[in-house]
Amino acid sequence: MSVRVRFAPSPTGFLHIGGVRTALFNWLFAKREGGVFILRIEDTDKERSEKRFEDDILKNFEWFGISSDEPIWRQSERIDVYKKYLLQLLNKGKAYYCFCKEDELESEYQAQMSQGIAPKYSGRCRSISREDGELRAKTERAVIRIKMPEQLIQFTDSVRGKVSFDTKLFGDIIIAKGLEEPLYNFAVVVDDHETKITHVIRGEEHLPNTPKQIVIQNALGFPSVQYGHLPLILDTSKKKLSKRFLQDSLNQYRADGYLPSAILNFLVLLGWHPENDREILTVEEMKKEFSLKRVQKAGAVYNTEKLDWLNAMHIRMVPLPDLVEQVLPFVPEIWKVDTTKLTRVVEFTRERMKKLSDFPLEAKPFFEIASYDVKLLMWKDFPLSDSKKHLLEILTLIKSGGDSSVKIMEYANKEGKGNVLWPLRVAFSGLQNSPGPLELLSVFGPIEAEKRIIDAIQKIS
RNA sequence: GGUCCCAUAGUCUAACGGUUAGGACAUCGCCCUUUCACGGCGGAGAUAGGGGUCCGAUUCCCCUUGGGACUACCA
């Protein structure tokens with residue numbers, strides 16, 4: 001049987017990094033196994049689900065290059081199907097209507113909790129007959145509960161191995177707020193079955209839901225699926241990272257010019273590691289090498305220092321013309337006029353960038369000179385007059401034509417590299433730190449060079 | 001409180017029961033170098049504690065400790 005997996009976000013908020021990682025692991029697993037990856041929108045919660053959130057999720061997936069192999073599945077469009085299965089459970093006596101009031105239940109739970117017992121539903125409405133239940137449900141507000149069999153649920157998790165839960169602690173859980181309003185645990189089971197999902201790969205926070213879903217699965221007579229629970233992504237104090245933080249960071253990364261491939265590379269390493277020691281991976285390599293067996297059990301602290309490094313590495317892997325394209329959103333309009341020049345500048349600055357938004361800063365000296373203090377032209381303890389002398393000499397070298405950079409290097413080797421090249425670099429960039437003077441010269445040419453050198457000389461005198 | 005899960009450096013991680021416990025990020029130092037970045041070389045830094053099993057435990061078992069998730073008529 002071929003592998004079928006899904007990623008099932010609920011559109012109650014913007015897509016966050018944790019979701020991207022879960023989706024990535026599912027997607028990679030499917031690709032590796034030659035299977036199918038499905039995107040399912042879990043919008044059964046009408047109050048909180050919003051279209052704009054769904055749009056955001058889809059838009060981001062496109063950016064990452066992760067796509068659903070089949071049409072997107074929306075729970076809100078499947079209400080009839082859930083209803084069918086709900087009825088089936090009701091008819092078989094495996095589920096029943098419950099008319100208990102929420103606030104009464106609440107105080108019951110409180111009482112149980114204060115006695116140190118796990119709070120659970122008493123099963124009071126179990127005794128209501130099918131007919132009575134249905135009748136009352138027409139006029140009275142009712143929820144549907146599943147009869148929880150008392151048993152030990154055991155399953156083998158792909159990443160955790162054998163896991164077991166005692167259903168005695170659960171009680172009869174609510175699976176729907178009525179025939180038209182299925183709840184998460186129930187809808188998941190139905191959807192996974194309807195879409196023939198073979199492997200459920202999701203975050204560890206879902207581990208306690210698994211036995212409940214297995215019970216529902218059994219009641220419905222569905223075959224079981226293989227579960228795999230991914231380690232949580234934690235903050236520096238080892239707590240599960242907040243959705244809010246994860247959402248903001250994804251938006252921030254996009255705005256800062258992190259490459260999707262670098263983010264994916266960073267995320268895949270959060271809980272997984274290839275067989276060798278290689279860590280810089282392209283998406284294609286991830287697809288080839290991913291395996292559930294090598295997924296970590298312990299939670300991973302989210303530390304983005306490595307993301308910066310990975311992003312720098314990925315920036316270097318992008319072919320130059322593509323990189324120019326990608327850097328464009330960060331380039332001031334006036335710099336876009338000369339694309340040949342822009343390309344050369346990108347070439348000289350790509351290794352200096354950690355993220356694409358670094359480009360304007362790194363590229364600035366190629367286009368314009370910063371205002372600077374005359375003292376900056378001084379090399380170490382040598383007098384400013386030395387700098388002036390060297391700049392004057394370079395000026396004549398440039399004016400004499402030919403390959404001026406060769407001549408400048410010859411001169412620099414004779415006079416001392418720092419003596420010559422430092423003031424020249426400052427004259428060209430006006431900066432404490434910048435690319436080398438010859439690189440700058442090769443991009444903006446002799447005319448601009450002469451102008452900047454003359455300005456520097458005038459500053460000195 | 002209850003149930004469940006987890007435990008190698010600051011962080012991400014590697015190690016069919018036998019390794020000087022490996023790699024990467026970060027950090028520090030040196031080199032390269034006109035500066036910064038890049039690059040190269042090197043340093044410091046870890047198996048939570050205690051019991052077993054075994055000729056031999058990072059690895060298997062138990063306990064302790066610590067951390068976390070879940071505990072909705074949300075997903």
Side-chain angles (χ1 to χ4, degrees), chain A residues 8-13 42-45 47-49 75 98 100-102 105-106 109 112-120 141-145 157 159-161 163-166 168-170 173-178 181 183-185 187-188 202-211 229 231-232 234 236-240 266 269-280 294 296-310 312 316 349-354 358 362 376 379-380 412 416-426 429 431-438:
Chain A
S10 64
T12 52
E42 303 215 325
D43 54 356
T44 48
D45 186 338
E47 318 270 286
R48 297 193 304 149
S49 296
Q75 291 187 327
C98 169
C100 295
K101 298 275 174 292
E102 245 181 297
L105 257 23
E106 184 58 35
Y109 295 158
Q112 286 172 318
M113 216 132 51
S114 64
Q115 286 172 54
I117 319 169
K120 73 176 205 185
R141 195 171 171 286
V143 297
I144 299 170
R145 289 181 185 272
D157 188 282
V159 345
R160 267 144 235 284
V163 182
S164 61
F165 290 87
D166 190 344
K168 277 207 266 304
L169 280 335
F170 300 146
I173 59 164
I174 297 172
I175 56 173
K177 294 200 274 185
E181 277 187 86
L183 255 22
Y184 170 71
N185 282 122
V188 164
R202 72 224 309 195
E204 194 195 309
E205 69 270 24
H206 285 291
L207 205 48
N209 283 325
T210 308
H229 289 89
L232 259 17
L234 313 171
T236 42
S237 54
K238 306 264 187 186
K239 297 230 190 311
K240 187 175 136 188
F266 173 67
L269 258 18
L270 242 40
W272 178 82
H273 194 273
E275 282 191 43
N276 47 46
D277 277 328
R278 286 188 54 231
E279 296 203 313
I280 303 168
R294 294 184 66 80
Q296 197 81 4
K297 289 196 189 94
V301 172
Y302 190 76
N303 180 333
T304 53
E305 280 168 341
K306 205 165 192 165
L307 173 61
D308 285 339
W309 171 72
L310 279 169
R316 294 184 198 191
T349 52
R350 67 168 359 179
E351 289 195 2
R352 308 174 70 85
M353 289 189 270
K354 276 199 159 59
D358 289 340
E362 296 295 341
L376 199 57
W379 171 241
K380 292 189 175 165
K417 285 184 182 173
N419 295 287
V420 176
L421 297 174
W422 172 269
L424 182 61
R425 197 187 55 74
V426 173
S429 67
L431 298 170
Q432 178 89 43
N433 305 323
S434 80
L438 267 18

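Remember, predicted model here, so these are calculated numbers, not experimental data. Chain identifiers are assigned alphabetically (A, B, ...) following the order of the sequence lines, protein sequences preceding nucleic acid strands; residue numbering begins at 1 within each chain. Side-chain atoms are counted along with the backbone in the values below, which use heavy atoms only and exclude waters and symmetry mates.
Closest to the A:Leu169 side chain, of the nucleotides B:C73, B:U3, B:C70, is B:U3. In the set B:A75, B:G23, B:G10, the nucleotide with an atom closest to the side chain of A:Glu305 is B:G10. Considering only side-chain atoms of A:Arg48, the nucleotide from B:C74, B:C36, B:U11 that sits closest is B:C74. Looking at the side chain of A:Asp277, the nearest of the listed nucleotides B:G23, B:A24, B:A75 is B:G23.
Remark: the A:Lys240 side chain and the B:A69 base include no donor-acceptor N/O pair separated by less than 3.5 Å. Judged by distance alone with a 3.5 Å cut-off, a donor-acceptor contact links the side chain of A:Asn209 to the base of B:A75. One cannot find a donor-acceptor pair under 3.5 Å joining the base of B:C6 and the side-chain atoms of A:Lys297. Between the side chain of A:Arg160 and the base of B:C6, no donor-acceptor pair of N or O atoms lies under 3.5 Å. You'll find a donor-acceptor pair under 3.5 Å spanning the side chain of A:Glu279 and the base of B:G23, going by distance alone.
At whole-Å resolution of the value, CD in A:Gln115 and P in B:G2 are 14 Å apart. Protein atom OH of A:Tyr184 is 9 Å distant from nucleotide atom P of B:A75, rounded to whole Å. Counting to the nearest Å, the P atom of B:C25 and the NZ atom of A:Lys306 are 7 Å from each other. For A:Glu106 and B:C73, the CD to P distance is 8 Å, given to the nearest whole Å. In this structure, A:Tyr109 atom OH and B:G2 atom C1' are separated by 15 Å, rounded to whole Å. Separating the NZ atom of A:Lys239 from the C1' atom of B:C5 is a distance of 16 Å, rounded to the nearest angstrom. With rounding to whole Å, A:His206 atom NE2 is found 14 Å from B:A69 atom P. Between the CG atom of A:Leu234 and the P atom of B:C5 there is a distance of 17 Å, rounded to whole Å.
Under a 4.0 Å N-O distance rule, the pair A:Glu204/A:Lys240 does not qualify as a salt bridge.
Taking for each of A:Leu105 and A:Trp272 the nucleotide of RNA chain B with the nearest heavy atom, the 5'-most of the two is the partner of A:Trp272. Heavy-atom nearest nucleotides on RNA chain B were determined for A:Gly299 and for A:Pro208, and the one closer to the 5' end corresponds to A:Gly299.
For the P atoms, the distance linking B:C54 with B:A48 amounts to 23 Å, nearest Å. Of the C1' atoms belonging to B:C38 and B:U33, the separation is 11 Å, rounded to the nearest Å. To the nearest whole angstrom, the two C1' atoms, one in B:A9 and one in B:G52, are 28 Å apart. If you take atom P in B:C61 and the same atom in B:U53, they sit 16 Å apart, rounded to whole Å. Remark: the separation of the P atoms in B:A26 and B:G40 is 12 Å, to the nearest Å. Rounded to whole Å, the P atom of B:C41 lies 27 Å from the corresponding atom of B:C16. For the C1' atoms, the distance linking B:U13 with B:A21 amounts to 13 Å, nearest Å. Comparing the C1' positions of B:C32 and B:G42 gives a spacing of 15 Å, expressed to the nearest Å.
If you check B:C70 for Watson-Crick or wobble pairing at under 3.5 angstrom, you find it paired to B:G2. Nucleotide B:G39 has B:C31 as its partner under the Watson-Crick or G-U criteria, with both atom distances under 3.5 Å. Base pairing of B:G18 is made with B:C55, judged by Watson-Crick or G-U wobble geometry with both donor-acceptor distances under 3.5 Å. Base pairing analysis places B:A46 opposite nothing; no Watson-Crick or G-U wobble pair with both distances below 3.5 Å involves it. The partner of B:U65, taking Watson-Crick or G-U wobble pairs whose two distances both stay under 3.5 Å, is B:A7.
Here the side chain of A:Lys120 pairs a donor or acceptor atom with the backbone of A:Lys168 at under 3.5 angstrom. Between the A:Arg425 side chain and the A:Gln432 main chain, a donor and an acceptor come within less than 3.5 Å of each other. Side chain of A:Asp308 to backbone of A:Lys354: no donor-acceptor contact under 3.5 angstrom is found. Under the 3.5 Å distance criterion, the side-chain polar atoms of A:Trp422 are left unmatched by any main-chain donor or acceptor of A:Lys417.
Checking the phosphate oxygens (OP1, OP2) of B:A75, a side-chain nitrogen or oxygen of A:Thr44 falls inside 4.0 Å. The phosphate of B:A14 has OP1 or OP2 within less than 4.0 Å of a side-chain N or O from A:Gln296. Close to B:U11, at under 4.0 Å from its OP1 or OP2, lies a side-chain N or O of A:Lys238. Within the 4.0 Å cut-off from OP1 or OP2 of B:A15, at least one side-chain nitrogen or oxygen of A:Arg294 is found.
Among residues two or more places apart in sequence or in another chain, the salt bridge (charged side-chain N to carboxylate O under 4.0 Å, His left out) test is passed with A:Arg141 by none. Taking the side-chain hydrogen bond (donor to acceptor under 3.5 Å, both in side chains) definition, one finds that A:Arg145 meets it with nothing, sequence neighbours left out.
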Please tabulate the protein-to-nucleotide N/O contacts below 3.5 Å involving nucleotides 31-34 of chain B, giving atom names and distances.
| unit_1 | atom_1 | unit_2 | atom_2 | d |
| --- | --- | --- | --- | --- |
| B:U34 | O2 | A:Arg425 | NE | 3.4 |

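Among the atoms of the strands shown, base atoms are found under 4.0 Å from some heavy atom of A:Arg141.
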